[in-house]
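All chains are named by letter (A, B, ...) in the order of the sequence lines, taking the proteins before the strands, and each is independently numbered beginning at 1.
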There are 2 protein chains.
Amino acid sequence: MRENFVEACRRHGLRITGPRKIIAEALSAAHDHPDVRELHRRVMERDPTVSLSTVYRTLRQFADIGLIEQHTFDGRSVRIERAPTAHHDHLIDTQSGRVIEFSSPEIEALQIEIARRLGYELTGHRLELYGRPLAAKKR
Amino acid sequence: MRENFVEACRRHGLRITGPRKIIAEALSAAHDHPDVRELHRRVMERDPTVSLSTVYRTLRQFADIGLIEQHTFDGRSVRIERAPTAHHDHLIDTQSGRVIEFSSPEIEALQIEIARRLGYELTGHRLELYGRPLAAKKR
DNA sequence: TTGCAAATGCAAACGATTTGCAATAAGGAG
DNA sequence: CTCCTTATTGCAAATCGTTTGCATTTGCAA
């Protein structure tokens, strides 16, 4: 993501600052979907002087230029995700809070169809599945 | 909803109080998906002494006993909906904020299937479509 | 190197929601 | 019908996540 980040910032006239570099690093190291406080914690491990407000501000900018996405799964705080290369939806493990990504062309197609039938052009959607692991039982 | 409300409260040991009656009335009169402040506004039209905190507390209780559902469509404030008789999802008109209900057995089935394939038992889901009306163009 | 707009840290502000507490009222017992 | 216990209420203050104003610092183009 490093390159992508530098390039994207340049393209949008954002300066390559210390805090932004650190935040970008923390993001590319994140293989999960942390919330902002958690991300700030990780950023502070690299540089404890970066403030929470800078993290918030930077995340908004990164989202604006398409580097990340911000989701609110539970109605609670925002969770961060590196810019997806391909579209996908999420399954949230209700026991652990873990987020699993998936995609379903069939569902995508149905969504467009449903919107059209209701007289709308689909401009976006959100699909979240909530589930309990079933493996545990059998194994 | 009047009867349903009295009965449900009785069944769960909730007292039938003045504020609760008013809130239940405002809810059954609502044919949209108001947020809490808007609902409180409507409640106050009937009785200006009912406080916002009582509305919040009552809504939580009503949700607990299944009289209503609370959604957070946009990541912003909570929107209220009378208990649905049948399950459905929502399409949000991005121009007007209006909410349209729909249901799709095909999608429901696919969701269960996807969760299973990922090793999960589906315990819940959220599906929201966002769209722009297309009728306007043609007519 | 210099100069200036962009970016930062801090603390205060915010909007939505929750909570502690003393006062009030529902509704079963007598 | 009145009394008593306990749930419920209104109010104000607290919380939580997020945003913002402002004085200070810092990229970076010239």
What integer distance in Å separates [X]:[atom1] from [N]:[atom2]?
{"X": "A/L59", "N": "D/dG17", "atom1": "CG", "atom2": "P", "result": "15 Å"}
{"X": "B/H12", "N": "D/dA7", "atom1": "NE2", "atom2": "C1'", "result": "17 Å"}
{"X": "A/L39", "N": "D/dT18", "atom1": "CG", "atom2": "P", "result": "12 Å"}
{"X": "B/R79", "N": "C/dT17", "atom1": "CZ", "atom2": "C1'", "result": "17 Å"}
{"X": "B/I16", "N": "C/dA25", "atom1": "CD1", "atom2": "C1'", "result": "14 Å"}
{"X": "B/E38", "N": "C/dT17", "atom1": "CD", "atom2": "C1'", "result": "18 Å"}

Provide a list of protein-nucleic acid N or O atom pairs under 3.5 angstrom, restricted to nucleotides 6-9 of chain C.
unit_1	atom_1	unit_2	atom_2	d
C/dA6	O4'	A/R15	NH1	3.3
C/dA6	O4'	A/R15	NH2	3.2
C/dA7	OP1	A/R15	N	3.3
C/dA7	OP1	A/R20	NH2	2.3
C/dA7	O5'	A/R20	NH2	3.4
C/dT8	OP1	A/T17	OG1	2.7
C/dG9	OP1	A/T49	O	2.8
C/dG9	OP2	A/S51	N	3.0
C/dG9	OP2	A/S51	OG	3.1
C/dG9	OP2	A/T54	OG1	2.4
C/dG9	N7	A/R57	NH2	2.8
C/dG9	O6	A/R57	NH2	3.4

Any side-chain heavy-atom pair from [X] and [Y] closer than 4.5 angstrom?
{"X": "B/F5", "Y": "B/E25", "value": "no"}
{"X": "A/V78", "Y": "A/Y56", "value": "no"}
{"X": "B/L129", "Y": "A/Y120", "value": "no"}
{"X": "A/D89", "Y": "A/S104", "value": "no"}

Any donor-acceptor pair under 3.5 Å linking the side-chain atoms of B/R57 with those of B/S51?
no

Within the 3.5 Å criterion, strictly below it, is a donor on A/E108 or A/H87 matched to an acceptor on the partner's side chain?
yes

Would you work out how much the helix from C/dT1-D/dA30 to C/dG30-D/dC1 bends between its ends, with each end axis defined by five base pairs, to 10 degrees?
20°

Ignoring backbone atoms, establish whether A/R60 has a side-chain N or O less than 4.0 Å from OP1 or OP2 of D/dT20.
yes

Presence of B/Y56 side-chain N/O under 4.0 Å of C/dT17 phosphate oxygens OP1/OP2:
yes

Who passes salt bridge (charged side-chain N to carboxylate O under 4.0 Å, His left out) against A/R116, sequence neighbours left out?
A/E113

Spacing of NE2 belonging to B/H40 relative to OG1 belonging to B/T54, to within rounding of 0.5 Å:
8.0 Å

How many angstroms lie between atom CD1 of B/I114 and atom CD of B/Q111, to the nearest 0.5 angstrom?
7.0 Å

